[in-house]
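One structure below.
FYI, side chains are in, hydrogens and waters are out, and symmetry mates aren't considered; it's all heavy atoms of this structure.
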Amino acid sequence: MLGSSVRKRGLAVAGICAMLVVAAACNDTSAGDPPAGGSQSSSTPGASTTPGGDQSQTPSTDPASANVTVTPAKNAAAVRPDQPVKVVTSSGTLEDITVSDKDGGKVSGSFNDSKSEWTSLPQLKPSTTYTVAGSAQGSDGKTVEISSTFKTLAASSRLKASVAPLDGETVGVAMPIQIFWNNPVKDRAAVEKRLSVKTSVPVEGTWHWVNSKQVNYRPKEYWPAGTKITVNIATQGVNAGGGVWGSASRQIDFAIGKSVVTKVDVKKHTMAVTINGKLARTIPITAGKDGFTTRSGVKVIMEKYRTKRMDARTVGIQPGDPEYYDIHDVQFAQRVTSSGEFIHGAPWSSGSQGSENVSHGCVGMSLKDGAWYFAQTLRGDPVVVTGTARGMEPGNGWTDWNDSWTKYKAGSALA
């Protein structure tokens with residue numbers, strides 16, 4: 001009887017202990033999935049693993065063990081693309097940390113001096129699953145493998161850039177850098193912080209927002225001849241506002257050619273061309289007649305055509321109008337405004353070149369002078385026109401140089 005009583009008391013105690021263990025398990029908040037957004041981090045212990053081989057979520061108490069924390073947390077969803085990925089070990093060093101998407105694209109990052117922390121650039125793609133991999137070696141000499149995945153949030157729209165000049169192009173000294181966005185940018189400051197310009201010689205310059213879908217860059221003075229320029233558009237992962245997130249980054253490298261500065265004096269009917277600071281040629285020209293006055297201001301050569309058809313219908317003059325023209329083979333044509341002003345060879349006005357203005361707004365010259373001038377210029381060379389009361393309209397071509405430096409700088413979202 002005594003033995004039976006002891007056995008009963010033992011079973012009762014065991015039952016109470018089992019209930020306590022179950023209660024403790026039900027109240028453990030560390031076992032659940034991390035919340036969306038990736039604000040939590042996951043911990044990987046130094047050498048502790050479950051029987052199935054998965055790493056335990058309970059950090060080792062051994063201070064020499066490489067307890068690793070990864071942020072965003074393992075299996076996190078809706079992670080912001082503009083947040084960095086961090087991998088930290090409490091002991092020892094990290095080795096070969098990579099963050100990559102399913103296509104093998106890797107996120108750039110760097111270690112701190114002690115290699116106890118690795119931090120990525122905040123440049124993740126939206127709607128993308130990333131894998132964090134690598135290893136850590138604790139001061140106990142034991143190696144721990146690191147493996148974690150997370151997914152970034154979905155973007156309502158993605159931000160991409162088109163750029164002028166083109167990668168590898170050589171352009172003139174007045175060429176503005178122009179970035180055209182496929183979607184409107186609401187947070188201009190956030191986007192502008194991701195843009196940078198590096199030059200082979202010191203150059204002072206600034207970004208200037210034309211509108212929500214275009215931002216330009218120009219130096220205070222014309223680019224120095226021969227300058228090498230790199231434009232970094234590090235907008236992958238940027239929050240542009242309104243549900244628009246950057247989905248790609250770009251780098252553009254271009255160069256500045258020789259300095260060719262053209263000055264057109266409409267009143268004197270002359271065009272002076274200065275190359276690398278020296279007057280190379282003064283050309284007799286004709287410009288716009290009454291009713292078709294050539295605009296004064298700083299223009300930039302936008303396009304070059306060896307032969308160009310010019311049809312007056314493109315500027316609103318219809319067949320039957322006395323001012324209508326349709327010339328199929330205008331030679332050495334160089335566009336300087338969006339509205340249709342060109343500098344070109346004009347043999348039909350040779351009797352007026354140097355003495356009167358008879359064109360519909362273009363600057364015309366002999367074919368010989370036109371050929372010479374065409375051979376000297378690049379897209380991006382400046383053409384400074386004076387002598388008329390008609391000014392340049394903002395945006396009618398590449399009009400960046402018609403603003404004062406103070407006004408132009410004020411167009412930066414970071415000014």
Side-chain angles (χ1 to χ4, degrees), residues 25-50 52-60 65-112 115-136 144-159 187 190 194 234-249:
C26 291
N27 286 292
D28 184 2
T29 59
S30 66
D33 291 334
S39 59
Q40 289 186 348
S41 59
S42 58
S43 298
T44 299
S48 175
T49 57
T50 63
D54 292 334
Q55 293 172 332
S56 168
Q57 295 300 302
T58 303
S60 169
S65 178
N67 294 308
V68 177
T69 301
V70 178
T71 306
K74 189 173 185 177
N75 299 324
V79 172
R80 288 175 62 102
D82 59 351
Q83 299 301 308
V85 179
K86 290 190 176 183
V87 183
V88 180
T89 181
S90 63
S91 173
T93 58
L94 299 169
E95 304 289 342
D96 303 323
I97 303 299
T98 61
V99 179
S100 56
D101 59 31
K102 65 177 182 179
D103 298 321
K106 289 182 171 56
V107 181
S108 297
S110 59
F111 292 100
N112 63 357
K115 294 194 71 175
S116 63
E117 180 175 324
W118 183 91
T119 306
S120 79
L121 295 177
Q123 297 177 9
L124 305 176
K125 299 177 184 177
S127 304
T128 301
T129 298
Y130 284 94
T131 299
V132 183
S135 62
V144 175
E145 297 301 318
I146 300 168
S147 180
S148 184
T149 59
F150 64 89
K151 186 173 183 179
T152 53
L153 57 77
S156 300
S157 300
R158 298 190 179 204
L159 187 71
D187 193 340
R194 296 289 193 94
T235 46
Q236 181 170 296
V238 72
N239 183 3
V244 178
W245 290 84
S247 61
S249 294

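- Thr235 contributes a side-chain N or O that, together with a main-chain N or O of Ala248, makes up a donor-acceptor pair within less than 3.5 Å.
- For Lys86, the NZ atom sits in a loose shell: 12 or fewer heavy atoms of surrounding residues, nucleotides or ligands are nearer than 6.0 Å.
- The side-chain hydrogen bond (donor to acceptor under 3.5 Å, both in side chains) test applied to Thr93 returns Glu95, not counting sequence neighbours.
- When every heavy atom of Ala136 is checked against every heavy atom of Val68, the shortest pair comes out as CB-CG2, 3.7 Å.
- Side-chain atoms of Asn75 and Thr149, non-hydrogen and from C-beta on, do get closer than 4.5 Å to each other.
- In this structure a side-chain-to-backbone donor-acceptor pair under 3.5 Å is missing from Thr128 to Thr152.
- Partners of Asn239 under the side-chain contact (heavy atoms from CB on, under 4.5 Å) rule, at least two apart in sequence or in another chain, are Arg80, Asp82, Trp245.
- Under the side-chain hydrogen bond (donor to acceptor under 3.5 Å, both in side chains) criterion, Lys125 pairs with Asp101, sequence neighbours left out.
- When the side-chain contact (heavy atoms from CB on, under 4.5 Å) test is applied to Ser120, the partners found at least two apart in sequence or on another chain are Pro84, Val85, Val107, Trp118.
- Remark: Ser127 engages Ala154, Arg158 in a side-chain contact (heavy atoms from CB on, under 4.5 Å) (not counting sequence neighbours).
- Nearest heavy atoms, Gln123 versus Ala234: NE2-CB, 3.5 Å.
- Distance alone, capped at 3.5 Å, is enough to place a donor-acceptor pair between the Asn112 side chain and the Glu117 backbone.
- For Gln83, there are no side-chain hydrogen bond (donor to acceptor under 3.5 Å, both in side chains) partners, not counting sequence neighbours.
- Considering OG1 of Thr129 and NZ of Lys151, their distance stands at 5.0 Å, rounded to 0.5 Å.
- When the side-chain hydrogen bond (donor to acceptor under 3.5 Å, both in side chains) test is applied to Ser135, no partner is found at least two apart in sequence or on another chain.
- Between Tyr130 and the options Leu124, Thr98, Val79, a side-chain contact (heavy atoms from CB on, under 4.5 Å) holds for only Leu124.
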